[in-house]
Visitor: 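One structure, as structure tokens, below. Some questions next.
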2 protein chains.
Amino acid sequence: MKQDELLKLDNQLCFAVYACTREITKLYTPLLKELGLTYTQYVTLLALWEKDRVSVKELGQRLYLDSGTLTPLLKKLESQGLVARTRDSRDERNVLISLTDEGRKLKEKACGIPMAIVRQLGLSAEEAEKLRDDLADLLNKIQLRHQPT
Amino acid sequence: MKQDELLKLDNQLCFAVYACTREITKLYTPLLKELGLTYTQYVTLLALWEKDRVSVKELGQRLYLDSGTLTPLLKKLESQGLVARTRDSRDERNVLISLTDEGRKLKEKACGIPMAIVRQLGLSAEEAEKLRDDLADLLNKIQLRHQPT
DNA sequence: TCCAATTTAATTTTATACAATTTTATTGTA
DNA sequence: TACAATAAAATTGTATAAAATTAAATTGGA
């Protein structure tokens, strides 16, 4: 493709990903509103429901977010009574995030969301899995090229 | 898949899209810094390089952004001398955005960016096009289900 | 042991995003 | 012409995001 064609929005993979993210987020908004959560708060809880009592750093690596985003977000979840923030007594630099009973209980109210969203996306389970795997591969490729340690 | 499996981050298409967007944006940051632009400012210019002298509303539909995001962004681009904001004399409710000479000229400095990014993504042209089309289809599906007019 | 280098969170700054509201302009209609 | 309904931007408030800096704790030598 010519440079001029490559500059067009509709030809750009990156713009497609960017636009999709925001349109998908809008699908979540009404569902998450019932739980009093935003999308970022929701994925943070998804991570914690899988693995509780993790440091902010580990959570950040899992979610691809840094402390500048997570610190205020976790304080918000703390104020809502969903998580607890405690310093690791063995290494006081680490802040450990744990779910409260209420935070754990919220999982039951959230468990229908993934299905409801996939239905709204209008993709078959197979199509959704294929696209997810393609994007996961892309994410891995970017990671490898950018943090070669 | 069981509900509990569906709640896991790595099984979620939506999280893959969300994470990809942010990692991709980070690839743009150093390239766009040389032009003094952010990613959102860049895609706004991409839209204007394709079609100049459009209303904020039309620009918003093209970029999937609303006036709450675009108004301050366009004022910023105006202060940088890249665009002009004028009221449509035929309907004073509309603000028309036009490129300045400097805004048009910036296209030449930006024309190498798409290629540089695709190279960093580590996908072949065919893979990138396939993924782009899949995401464009998804975007269309979401649109159809949510604005049936 | 001492202290420089490193690590981890938190803070600050700038820039998105978007819902909800307000302001201004236009249009349709009695 | 009035004026209600509609439309388009702008504004306000809240919540991300990330770069850059700061603060506190730990670690690894000399």
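Below, chain A is the first sequence line, B the second, and so on; all start at residue 1.
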Visitor: Has B:K33 got a side-chain N or O lying under 4.0 Å from the OP1 or OP2 atom of D:dA20?
Guide: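 So the side chain of B:K33 is within the cut-off, an N or O lying under 4.0 Å from OP1 or OP2 of D:dA20.
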Visitor: Can you find a side chain N or O atom of A:K57 that sits less than 4.0 Å from OP1 or OP2 on C:dA9?
Guide: no
Visitor: At 4.0 Å (heavy atoms only), tell me whether B:L65 reaches a base, stays on the sugar-phosphate, or touches nothing.
Guide: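 Sugar-phosphate contact only.
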Visitor: Just how far, in rounded Å, is P of C:dA15 from CZ of B:R22?
Guide: 20 Å
Visitor: Is it true that, when you exclude A:R85 itself, more than 12 heavy atoms of the residues, nucleotides or ligands shown sit nearer than 6.0 Å to its CZ?
Guide: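 More than 12 heavy atoms, drawn from other residues, nucleotides or ligands, come within 6.0 Å of this atom.
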Visitor: Check the distance between D:dA15's C1' and A:L32's CG and give it to me in whole angstrom.
Guide: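 In whole Å, D:dA15 C1' and A:L32 CG are 13 Å from each other.
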Visitor: Please state whether the phosphate of C:dA9, meaning OP1 or OP2, lies under 4.0 angstrom from any side-chain nitrogen or oxygen of A:S55.
Guide: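 For C:dA9, OP1/OP2 do have a side-chain N/O of A:S55 under 4.0 Å.
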Visitor: Rounded to whole angstroms, how far apart are CG on B:D91 and C1' on C:dT23?
Guide: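 So the two atoms are 15 Å apart, to the nearest Å.
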Visitor: Okay, side chain of B:T100, backbone of B:G81: is any donor-acceptor separation there less than 3.5 Å?
Guide: yes
Visitor: Please evaluate the base of C:dA10 for a donor-acceptor partner in the side chain of A:S67 within a cut-off of under 3.5 Å?
Guide: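 Result: at least one qualifying N/O pair found.
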Visitor: Can you name the one residue among B:R132, B:K51, B:R62 that meets salt bridge (Lys or Arg N to Asp or Glu O under 4.0 Å) with A:D10?
Guide: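 Option passing the salt bridge (Lys or Arg N to Asp or Glu O under 4.0 Å) with A:D10: B:R62.
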Visitor: Roughly how many Å is it from CG in A:N94 to P in C:dT6, rounded to a whole number?
Guide: 18 Å
Visitor: For A:Y18 and D:dA17, is the shortest distance between a side-chain N/O and OP1 or OP2 below 4.0 Å?
Guide: no
Visitor: Drop me the distance from A:K76's NZ to A:T40's OG1, to the nearest 0.5 angstrom.
Guide: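 Nearest 0.5 Å value for the NZ-OG1 distance: 12.0 Å.
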Visitor: Round to the nearest Å and state the distance from B:Q41 atom CD to C:dA17 atom C1'.
Guide: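 Going from B:Q41 (CD) to C:dA17 (C1'), I get 14 Å.
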Visitor: Quick one: is D:dT16 close enough that its OP1 or OP2 comes under 4.0 Å of any side-chain N or O from A:T38?
Guide: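 So the side-chain polar atoms of A:T38 do come within 4.0 Å of the phosphate oxygens OP1 or OP2 of D:dT16, strictly under.
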Visitor: By the 4.0 Å heavy-atom rule, please label B:T40 as base, sugar-phosphate, or nothing.
Guide: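 Here B:T40 touches the backbone only, sparing every base.
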Visitor: How long is the line joining CG of A:L73 and C1' of C:dT11, in whole Å?
Guide: 16 Å
Visitor: Starting at the 5' end of DNA chain D, which residue's closest nucleotide do you reach first, B:T29 or B:R87?
Guide: B:R87
Visitor: Measure distances between side-chain N and O atoms of B:R93 and base N and O atoms of C:dT24, and say whether any donor-acceptor pair falls under 3.5 Å.
Guide: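 Checked by distance alone, the answer is no.
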Visitor: Any carboxylate oxygen within less than 4.0 angstrom of a Lys/Arg side-chain nitrogen, looking at A:D133 and A:K130?
Guide: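 Between A:K130 and A:D133 there is no salt bridge, as every charged N stays at least 4.0 Å from the carboxylate O atoms.
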Visitor: Would you say C:dA10 has OP1 or OP2 under 4.0 Å from some side-chain N or O of A:R85?
Guide: yes
